[in-house]
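Because the structure is predicted, anything quoted here is derived from the model rather than measured.
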Amino acid sequence: MTTHFSTIIVGGGLSGLTVAHKLRQQDPEHKLLVLEKNDATGGVIRTHREKGFITEIGPHGFLDNCNESKDILRETGLDKEAVKAPLIEFVRYVYLRGKLQLIPQTPLKISMAPLIPWKDKFRAVSEIFRPPLAGEPTVAKWVDYRFGSAMLPYIDAVFTGTYAGDFDKLKIDAVMPGVRALEKEHGSVIKGVFAKMMANRKSGTKKKISMPAMTSFPTGMSRLPERLTEQLTEGKDLLLNCGVSAVAKTESGWQVETEQGVFTADTLVLATPTNVALKFLEGVSDTMPMTSIPETWIGTVVFGFGPGVTIPPGFGYLTPEVEKRFTLGSLFSSNMFPGRAPENHVVFETLIGGRRHPERLELPKEELVAKALADVKEILKIDQEPVYTTVLQSDGGIPQLEEGYPELLEWRDEVVRSNHGLHICGFGWEGIGLNDMMKAGTKVAKAIIDATDSTTSDAEVKKIYF
């Protein structure tokens, strides 16, 4: 005998938990079930605590400039627990030309900083005279065309830090659709930014220019999924260790086959990483443009140092490929948030691998640590040995938004439009940031609630979703 629900959510990561939370907020009687294959929720969000050091296996935080995220913190009470590191106060560095280059925090200061020669600054401003670049160029090709080659090392560092990716493969339309839209609509990015500013001025909209803050919690990022999970009842609203083997559309809704039985629902939410969802969708659509997208993995070598060792102020640094370093960069954890290291100690997390160098993650642990330590000692001018070291690696890969990704998104939207009661969100579909996950999950929950409202037309529901 199967059990029927109003909504089944496949995946207990942040996307699925957001959908469940919002459904409960808007309809406390909504009969839902979250299915999670692991023994805990949270997906790629995992915090490591050992010997007084708190570090992250997954994401380190999220910016506080997303309304959907702010709403979730307020609704769960997490806004009273959150700790923040304002970007305006915490500088960042790029390791370039053999030393750490401080990146100023405001556009005016960036324009005046000696990061690139003045002739290259003028080249960047001449972007206003260049027509939009046709096709689906890579990030590297697009930046080189619009702003000049002098900007490439800095942009490389940006996408190393966000996707652990290769900007010669990542597509600009996929990773920065808003910026690309400005270029296409106004003929240049700079013109587009000024046009938006003028439109706001004419409409009377005054936006205070401020820098967001990185947000986390005293016990680490895992507090976010932990709090969202507290609102679900184990065995009733949530099934852990419950892998899903197949999903299928039925005459009355959706059927989900799992390790703990067969369940049916009016509505199905696939809130899984992109490649997991694509496997399930093979049985739903026979027109898939691709069966998977590339993923990459990073390893983290954590170094804790005792009294006498200082690290530069700020968030950390990133290393572009042109520098030929072993590491991708380091995050200064004990700078960002209090309590991440014992008193008079510092801790930072050094990243290894990524899209360009996956082979480095296959090295023996001792060699991996030794190479990473040699790298950071030279870069940070440290002459002591660490008092604490560990190696961490996430089970989840980072989706790479490369060739064919925009087409895949269009296909996903068409599948959702063509299959009543199906919703697709999750890691890699709308981006890879935590704000992306909470924003998409909120949108899906609203579409589900509005679909159950007899006064809301199907066309209105689709307008909300798309």
Salt-bridge present (Glu402, Arg355; N to O < 4.0 Å): yes

Please report the interatomic distance OG1(Thr274) to CE(Met290), rounded to the nearest 0.5 Å. 10.5 Å

Are Glu430 and Arg412 within salt-bridge range, i.e. N to O under 4.0 Å? yes

Does a salt bridge link Glu81 with Arg223, judged by any charged N lying under 4.0 Å from a carboxylate O? yes

SB check Asp166 Arg356 (cutoff 4.0 Å): yes

May I ask you to decide whether Lys70 forms a salt bridge with Asp64, counting only side-chain N to carboxylate O separations under 4.0 Å? no

salt_bridge(Lys191, Glu183) N-O dist < 4.0 Å: no

Flag the pair Arg74 and Asp71 as a salt bridge only when some basic side-chain nitrogen lies within less than 4.0 angstrom of an acidic carboxylate oxygen. yes

Between Arg46, His48, Arg49, which is the residue that forms a side-chain hydrogen bond (donor to acceptor under 3.5 Å, both in side chains) with Ser222? Arg49

Salt bridge or not between Lys31 and Asp237? Use side-chain N to carboxylate O under 4.0 Å. no

Using distance alone, with no hydrogens and no angle criterion, decide if Gln400 and Thr296 have a side-chain donor and acceptor under 3.5 Å apart. no

Is the closest basic N to carboxylate O distance between Arg340 and Glu56 below 4.0 Å? yes

Assess whether a salt bridge exists between Asp173 and Lys184, defined as any Lys/Arg side-chain N lying under 4.0 Å from an Asp/Glu carboxylate O. yes

Polar side chain donor-acceptor pair, Thr327 to Asp375, under 3.5 angstrom: yes

